[in-house]
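Right, one structure below, let's go through it.
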Amino acid sequence: MNIAEYLDDTNFKSRHQLSCETGLVDRAVRQKISDLKMNVPVIYNSQTKGYRLGKKLDTLSLEELEHERLMTQHCLNDIESRKEVFNQQERTYIAYKYQIERFMHQRLLEKLNG
């Protein structure tokens, strides 16, 4: 099923709307949107509460192009902020894994030393 068939380049649709239209659960809709973003610009931001496809640029006026550029920059800003969050989470997990390995090493030494 192609989630792009349920989107257009004008109207924003929420995940709830897409879930109702497609019959997919929310998690599946999010995954389909994520997959689609790998090949197609999907415009979204926290103020619009939904998704739409990128516009066909050759038909847009200068003002419309500027608006589309700003909307795209919002998407890029969102991606950048998520990277920062994931980097912090990654550091937490790396530190935790290091602690686990240290305790495992201690337990192995204790086991070897009887």
Side-chain angles (χ1 to χ4, degrees):
M1 113 58 98
N2 184 0
I3 196 81
E5 294 173 7
Y6 295 88
L7 295 170
D8 61 51
D9 66 359
T10 306
N11 301 304
F12 285 89
K13 287 193 179 177
S14 69
R15 285 195 327 256
H16 177 75
Q17 286 174 293
L18 291 167
S19 182
C20 290
E21 290 179 20
T22 62
L24 297 172
V25 296
D26 184 69
R27 183 174 291 277
V29 169
R30 282 188 296 157
Q31 184 60 54
K32 294 280 187 187
I33 293 290
S34 180
D35 293 346
L36 181 61
K37 287 178 187 177
M38 297 295 187
N39 300 303
V40 175
V42 178
I43 305 299
Y44 65 97
N45 72 43
S46 58
Q47 294 150 351
T48 58
K49 301 291 185 210
Y51 305 92
R52 72 164 171 77
L53 299 175
K55 295 188 179 282
K56 292 174 181 43
L57 302 177
D58 59 347
T59 64
L60 299 182
S61 69
L62 181 59
E63 292 79 17
E64 292 168 323
L65 286 165
E66 175 60 13
H67 184 261
E68 193 70 358
R69 187 188 70 77
L70 290 172
M71 295 295 288
T72 302
Q73 186 61 53
H74 283 292
C75 296
L76 289 168
N77 292 347
D78 181 65
I79 291 167
E80 194 59 38
S81 73
R82 289 173 192 256
K83 281 190 220 175
E84 291 172 15
V85 168
F86 285 137
N87 287 338
Q88 179 58 47
Q89 290 173 352
E90 181 183 44
R91 287 190 291 273
T92 300
Y93 281 98
I94 288 170
Y96 182 60
K97 182 178 170 245
Y98 174 75
Q99 289 176 343
I100 292 168
E101 290 167 349
R102 199 177 75 217
F103 276 94
M104 287 176 68
H105 182 72
Q106 282 180 320
R107 296 302 180 268
L108 285 170
L109 285 176
E110 289 170 1
K111 188 174 183 178
L112 288 173
N113 292 330

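Position 1 is the first residue of the sequence, and the numbers go up from there. These values consider heavy atoms only, across backbone and side chains, with no hydrogens, waters or symmetry-generated copies.
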Exercise. Quick one: CD1 on Ile3 to CD on Glu21, what's the gap to the nearest 0.5 Å?
Worked result: 8.5 Å
For this session: Measure across Ser19 and Asp26 and return the closest heavy-atom pair with its distance rounded to 0.1 Å.
Result: OG-N, 4.1 Å
Exercise. For Tyr6, does its backbone N or O pair with a side-chain atom of Lys13 as donor and acceptor, under 3.5 Å?
Worked result: yes
For this session: Would you check, one step at a time, whether the test side-chain contact (heavy atoms from CB on, under 4.5 Å) holds for Asn87 with Glu90?
Result: CA-CA 5 Å; Asn87 287 338; Glu90 181 183 44; 4.2 Å; yes
For this session: Only one of Lys32, Lys37, Gln31 passes side-chain hydrogen bond (donor to acceptor under 3.5 Å, both in side chains) with Asp35; say which it is.
Result: Gln31
For this session: Looking only at non-hydrogen atoms, find the nearest pair between Ile43 and Cys75 and report the distance.
Result: CA-SG, 3.8 Å
Exercise. Same cluster or not: are Tyr51 and Val25 linked, directly or through other Ile, Leu, Val, Met, Phe, Trp or Tyr residues, by side-chain heavy atoms under 4.5 angstrom apart?
Worked result: no
Exercise. Should Ile79 and Met71 be counted in the same cluster of Ile, Leu, Val, Met, Phe, Trp and Tyr side chains packed under 4.5 Å apart?
Worked result: no
Problem set entry | Gap between atom CZ of Phe12 and atom CD of Gln17 - 0.5 Å precision | 12.0 Å
Seminar exercise, completed: Between the NZ atom in Lys111 and the CD atom in Gln106, the distance rounded to the nearest 0.5 Å is 15.5 Å
Exercise. Does one hydrophobic cluster hold both Leu18 and Leu53, with members joined at side-chain heavy-atom distances below 4.5 Å?
Worked result: yes
For this session: Using modelled atom types only, decide if a donor and an acceptor are shared between the side chain of Glu68 and the backbone of Leu57 within a distance under 3.5 Å.
Result: no
For this session: Might you work through the side-chain contact (heavy atoms from CB on, under 4.5 Å) test for Tyr44 and Ile33, ending with a clear yes or no?
Result: CA-CA 11 Å; Tyr44 65 97; Ile33 293 290; over 6 Å; no
Problem set entry | Donor + acceptor pair across side chains of Arg91, Gln88 (<3.5 Å) | yes
Problem set entry | Asp78 side chain to His74 backbone, donor-acceptor under 3.5 Å | no
Problem set entry | Arg27 atom CZ: more than 12 heavy-atom contacts under 6.0 Å | no
Seminar exercise, completed: Here the pair of heavy atoms bringing Asp8 nearest to Arg52 is O-CB, 3.3 Å
Exercise. Would a distance-only check, ignoring hydrogens and angles, find a side-chain to backbone donor-acceptor pair under 3.5 Å from Ser34 to Arg30?
Worked result: no
Problem set entry | Over 12 foreign heavy atoms within 6.0 Å of CE, Met1 | yes
Exercise. In the single-linkage hydrophobic clustering (I, L, V, M, F, W, Y; side-chain heavy atoms under 4.5 Å), do Val42 and Leu60 co-cluster?
Worked result: no
For this session: Would you give the length of the straight line joining atom CG of Leu76 to atom CD of Gln73, rounded to the nearest 0.5 angstrom?
Result: 5.0 Å
Exercise. If you round to the nearest 0.5 Å, how far is OG1 of Thr22 from CG of Asn2?
Worked result: 11.5 Å
Problem set entry | Steps toward side-chain contact (heavy atoms from CB on, under 4.5 Å) verdict (Arg69, Glu66) | CA-CA 5 Å; Arg69 187 188 70 77; Glu66 175 60 13; 2.8 Å; yes
Seminar exercise, completed: In this structure, CG of Leu65 is separated from CG of Leu70 (nearest 0.5 Å) by 11.0 Å
